[in-house]
Novice: 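Okay, handing you the structure first.
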Amino acid sequence: AAQAARFHLQSQIMNHYPVPYYSPMVHVLLALMVVGATAVDYTPYLLPLKREVVPVMKNGRTVSHRSAFYGTISVGGPDPQQFSVVFDTGSGHVVVPSVECTNATCMEHRRYNISRSASGLAINSDGTPVPPDELCDQVTIGFGTGTVKGEFAREKVCMGSPTRALCSDVTIVMAVEMSEQPFRSFTFDGLFGLGLSSLSLAPEFSFFGQLAAGGASSAHAVPSRFGIFLTDCEDGKGSEIAIGGYNAARLAGPLTWAPVVKPKLGYWQVQVKAVRVDGRDLGICKNNACTAILDTGTSHLGVPHHIKQGLSDMLTVDAPAGTNNDCRSATAPALDIDLGDFTIALLPKDYMRREPLNRTNKTGLPCGSTPSSGQACSSRCTPRLMPVNMMAPLGPNLFIFGEPILHRYYTVYDWLAPRIGFGIAQKQTGTTGNEGEHQHRHPSAEVPAPPTAGVD
């Protein structure tokens, strides 16, 4: 009977992008108007991020890489427990492994122990404390290739180390089960969702929303913006998230803003007007048929599944000659994604997989997989594309803006508007070239350069 009374919430998630099963909530941040904080009295909190890269193997050889950017948070007190988490704009919850999780995946990560925290309180999904000797509510959340089953706790969560952190009380998900993929492939411990509030089970699950709400009546209010800077260095050196604004030093030019569409779905989603390859319009985005979700947890550029193969063929070219065979230096078409007021412009160095794929001239199979009868192998460079297969209201013409775009563009997320700012990212020391010349702007899109404080 006790087991039958166990309340189980199931979130049906497909290809990492669910349509929330609960009724969309009114945007909680409309009530979180910041009082007393202006562009001149708040300096954004900057949290460094690291990058981890793992190979994707096929037929015994590396054909691509997956990567994740993560930073440090601390949970509870007085002795805070530290975790490494991916700051994910495509999800809405703070998830850390629980000490109650004993499968192989959890055992390889740091695990949260609520009994060690004076500030932790086990709760049910409605926010009420779990009665003694009763089973608690659970939730199952899917993340692309894997799932997490978790229980709930009200807890103090801080971005950064305990000695210098930005903190808020938030409802977290304590994972009692974690699938092997993708969580065992990487060393990060959990996830830190930065999606809009309606992507969470309730507003109390949203760290950013709770942070803004807690400061709304305070002179130390945190402006409702954050900025993401992701580098393409192997270890992610220089990558960071800015909370309470953005870091203008990471921009090579001005920001251009795009409004969020369908905000009640919870995603940082923008309208796509057209997609062009070397100036040729693919013709799939007429009549506002296309949208794109920005996702800091995705390594590739997601495209609608029905155009994936054709677009991949258009961008695939012979590998450049040379000993390193780095496809990012290949001569290949430009890929332009028109957002209306400006166009995101990607070059081969942005969208190509690093390693070429080797094929026999006759069979098209990887070299060494079958006898090639003396046929020479040709190397081909292929783009970092993944198919997205979603139905309405998100699909069917849904793009996912992952690392190929987020390496090139510094992005700013304005939660209250809601809107997203795009600006060419300032490259790390040692790169050359005028990066600003590759962002095409319509005349109406010109905006002033951002102030040095990072908040306008």
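Predicted, not measured: the structure shown is a model, and the values here were computed from it. Quick note: numbers below take in every heavy atom, side chains included, and nothing from hydrogens, waters or symmetry partners.
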Novice: Sub-3.5 Å donor-acceptor pair from the side chain of Q426 to the main-chain atoms of A249, do we have one?
Specialist: no
Novice: Taking D278 for the side chain and A334 for the main chain, is one N or O donor matched with an acceptor at less than 3.5 Å?
Specialist: yes
Novice: For G146 and S179, work out which heavy atoms get closest and say how close.
Specialist: CA-OG, 3.1 Å
Novice: Kindly say whether K237 contributes a backbone atom to a donor-acceptor pair with the side chain of R51 at under 3.5 angstrom?
Specialist: no
Novice: Calculate, to the nearest 0.5 Å, the distance between atoms CG and CG belonging to N287 and N397 respectively.
Specialist: 11.0 Å
Novice: Determine, for R354 against D326, whether the closest basic-nitrogen to carboxylate-oxygen distance falls under 4.0 angstrom.
Specialist: no
Novice: Please answer whether the main-chain N or O of I141 pairs with a side-chain N or O of H93 as donor and acceptor at a distance below 3.5 Å.
Specialist: no
Novice: Go through the side-chain N and O atoms of S67 and E403 and say whether any donor and acceptor fall under 3.5 Å apart.
Specialist: yes
Novice: Please report the closest heavy-atom contact between Y45 and G160, naming both atoms and the distance.
Specialist: OH-CA, 3.6 Å
Novice: Between R276 and D281, is the closest basic N to carboxylate O distance under 4.0 Å?
Specialist: no
Novice: To the nearest 0.5 Å, what is the distance between OH (Y267) and CG (D295)?
Specialist: 9.0 Å
Novice: Applying side-chain contact (heavy atoms from CB on, under 4.5 Å), run through Y112 and I172 and close with a yes or a no.
Specialist: CA-CA 11 Å; Y112 168 71; I172 67 172; 4.1 Å; yes
Novice: I'd like to know if E204 pairs up with R154 as an ion pair, taking the criterion as any Lys NZ or Arg NE/NH1/NH2 lying under 4.0 Å from an Asp or Glu carboxylate oxygen.
Specialist: no
Novice: Quick one: list whatever passes side-chain contact (heavy atoms from CB on, under 4.5 Å) with C167, sequence neighbours left out.
Specialist: K156, C158, A165
Novice: Between W415 and L196, is the side-chain contact (heavy atoms from CB on, under 4.5 Å) condition met? List the steps.
Specialist: CA-CA 7 Å; W415 207 323; L196 295 170; 3.1 Å; yes
Novice: Please report whether the ring centroid of F152 lies less than 6.0 Å from that of F205.
Specialist: yes
Novice: Between Q271 and C290 (side chain of the first, backbone of the second, donor and acceptor by atom type, cut-off under 3.5 Å), is there such a pair?
Specialist: yes
Novice: Testing the basics here: between S84 and T187, what is the closest heavy-atom pair and its distance to 0.1 Å?
Specialist: OG-O, 3.9 Å
Novice: Roughly how far, to the nearest 0.5 Å, is the OG atom of S91 from the CG atom of L194?
Specialist: 7.5 Å
Novice: My understanding is that only residues two or more places apart in sequence, or in another chain, count here; which of them pass salt bridge (charged side-chain N to carboxylate O under 4.0 Å, His left out) with D126?
Specialist: none
Novice: Could you tell me whether the side chain of T316 and the main chain of S312 form a donor-acceptor pair under 3.5 Å?
Specialist: yes
Novice: Under a 3.5 Å distance rule, please check whether D137 uses its side chain to pair with a backbone N or O of S125 as donor and acceptor.
Specialist: yes
Novice: Nearest 0.5 angstrom please: K349 NZ to D232 CG, how far?
Specialist: 9.0 Å
Novice: Counting distance only, does the side-chain N/O of R250 pair as donor-acceptor with the main-chain N or O of G238 below 3.5 Å?
Specialist: yes
Novice: Would you say the side chain of R419 lies within less than 4.5 Å of the side chain of R225, judging by non-hydrogen atoms?
Specialist: yes
Novice: Does any part of the side chain of L339, heavy atoms only, come nearer than 4.5 Å to the side chain of W257, both counted from C-beta?
Specialist: no
Novice: Could you please spell out the steps behind the side-chain contact (heavy atoms from CB on, under 4.5 Å) verdict for N247 and F229?
Specialist: CA-CA 9 Å; N247 186 355; F229 179 70; over 6 Å; no
Novice: Working to the nearest 0.5 angstrom, can you tell me the gap between T382 OG1 and D313 CG?
Specialist: 10.5 Å
Novice: Aromatic rings Y70 and F188: how do their planes relate, parallel, tilted or perpendicular, breaks at 30° and 60°?
Specialist: tilted
Novice: Provide the closest heavy-atom pair for Y413 versus L294 in the form atom of the first, atom of the second, distance.
Specialist: OH-CD2, 3.6 Å
Novice: Could you please spell out the steps behind the ring-ring contact (aromatic ring centres under 6.0 Å, His included) verdict for F69 and F87?
Specialist: CA-CA 7 Å; F69 289 83; F87 292 92; over 10 Å; no
Novice: Within this structure, what is the OH-CZ distance for the pair Y410 and F422, rounded to the nearest 0.5 Å?
Specialist: 13.5 Å
Novice: Write down the atom of M174, the atom of A153, and the distance for their closest heavy-atom approach.
Specialist: SD-CB, 3.8 Å
Novice: Is there a side-chain contact (heavy atoms from CB on, under 4.5 Å) between D169 and Q210? Walk through the geometry before answering.
Specialist: CA-CA 7 Å; D169 291 333; Q210 293 301 295; over 6 Å; no
Novice: Spell out, as yes or no, whether a donor-acceptor pair under 3.5 Å connects the side chain of S206 to the backbone of P203.
Specialist: no
Novice: For Q181, what residues pass the side-chain contact (heavy atoms from CB on, under 4.5 Å) criterion, not counting sequence neighbours?
Specialist: R66, T145, S185
Novice: Please indicate whether K50 has more than 12 foreign heavy atoms, meaning atoms of other residues, nucleotides or ligands, lying under 6.0 Å from its NZ.
Specialist: no
Novice: Is it true that a side-chain atom of R408 and a backbone atom of I424 form a donor plus acceptor pair closer than 3.5 Å?
Specialist: no
